[in-house]
There are 2 protein chains.
Amino acid sequence: MYALAMNKRRPRGPVPVYQLVFNAVKADIDAGRLKPGQSLPTEAEMCEAHNASRQTVRRALADLREAGLIYTIRAEGSYVGPPDAPKIREPLAFERIADAIIEGIRKGTYKPDEVLPSESVMIEEFGAAKKTVRAAVNLLREQGWAYTVPAIGTFVASRDKWPEPR
Amino acid sequence: MYALAMNKRRPRGPVPVYQLVFNAVKADIDAGRLKPGQSLPTEAEMCEAHNASRQTVRRALADLREAGLIYTIRAEGSYVGPPDAPKIREPLAFERIADAIIEGIRKGTYKPDEVLPSESVMIEEFGAAKKTVRAAVNLLREQGWAYTVPAIGTFVASRDKWPEPR
DNA sequence: GCTCATTTGTCCGTATGTATC
DNA sequence: TGATACATACGGACAAATGAG
């Protein structure tokens, strides 16, 4: 007896699984739940979601590509196409942190001219590196959300300095 | 016709390679060749050792993690676990230097109230950067092994100041 | 403070073998 | 037999985090 698991095919109906996946993604696009430029879930996530193997998911993605509904960038992911559509890049780590802080400012958790949490607190809270936190704070400054008083701390900018929502 | 890249898969028996790697590591742990807290080889080294791809090695490591046998710190490595067990991190560069000096103090190479080698000598001796040597000396001060007289030098603390061996 | 190498994390691309319908 | 589906395995690329100089 082999230690290997026996492969089992799981017929879930007359429609092939890869077509089910294809239709599910197409439905999300048609319904606007996935907008052009937006990134699709990773292949691994789609495997989980549809309880299918990676091969099967990839078959569906290949069909979606052929249909011009998505495009794929190697080692990056698949996006709702066509490629000339506005690109909606996934935010990087420091951008996610900056967004979280902006959210806190908008919601009043951090009020104008009050001090923001210290660098070390942010490192703890976001589980990020010092460099990443600094990049986030730097972005906040550039955009006018905050200002820094050397050796004192970083403060929330007054409301009239906040960027206009686009 | 088929000149290009055939036979990428190398079956080495009925047992999947990732399980072979899993078992090899587990055997090392069970036999005490890998002790709790000790660091595992890097993924790249394990690829070499087992002649396997990184994906395969990572699959084995994931299973080992799930089994609670190891834990992994990003950009650092994997350690024999579990994490709540005695955490014996591999000493960092400055800690290794500090340990070496403590060893010298214990053995009498450096005697109480005598001066320790200068920064530049230590840089030479340990092949380390200034920053690293300073971190080591700082640790010695914090633990009570040494004290510094500004502009003069750093001296071995008197024996009653030494930390209790744990 | 900056740069570099190292290491883990996360992707995509491809290929083989096998099982089931 | 051929289409479908799964597990395994190798490879390449880039991102993120860390320690070191």
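The chains referred to below are lettered A, B, ... by the order of the sequence lines, with proteins before strands, and numbering in each begins at 1. None of these values were measured; they are calculated from a predicted model.
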Return no unless some side-chain N or O of [X] is found under 4.0 Å from OP1 or OP2 of [N].
X      : N      : answer
A:T56  : D:dC6  : yes
B:T132 : D:dG21 : yes
A:Y18  : D:dA5  : no

Rounded to the Å, how far apart are [X] [atom1] and [N] [atom2]?
X     : N      : atom1 : atom2 : value
A:L61 : C:dC12 : CG    : P     : 8 Å
B:E95 : D:dG19 : CD    : P     : 10 Å
B:H50 : D:dT8  : NE2   : C1'   : 17 Å
A:F22 : D:dT4  : CZ    : P     : 14 Å
B:R54 : C:dC11 : CZ    : P     : 13 Å
A:R58 : D:dA5  : CZ    : P     : 15 Å
B:Q55 : C:dT16 : CD    : P     : 18 Å
A:E43 : D:dC6  : CD    : P     : 14 Å

Nearest heavy atoms of A:Y110 and A:V156, plus distance in Å:
CB-CG2, 3.7 Å
Which pair of non-hydrogen atoms, one from B:A128 and one from B:I97, has the smallest distance, and what is that distance?
CB-CD1, 3.7 Å
Salt-bridged, B:E43 to B:R58, with N to O below 4.0 Å?
yes
Would you classify B:K130 as touching base, sugar-phosphate or nothing, given that sugar-phosphate means primed atoms plus P, OP1 and OP2, and contacts are heavy atoms under 4.0 Å?
nothing
Of the candidates D:dT8, C:dG1, C:dT7, the side chain of B:R59 sits closest to D:dT8
So, using salt bridge (charged side-chain N to carboxylate O under 4.0 Å, His left out) as the criterion, who are the partners of B:E103 when residues are at least two apart?
B:K107
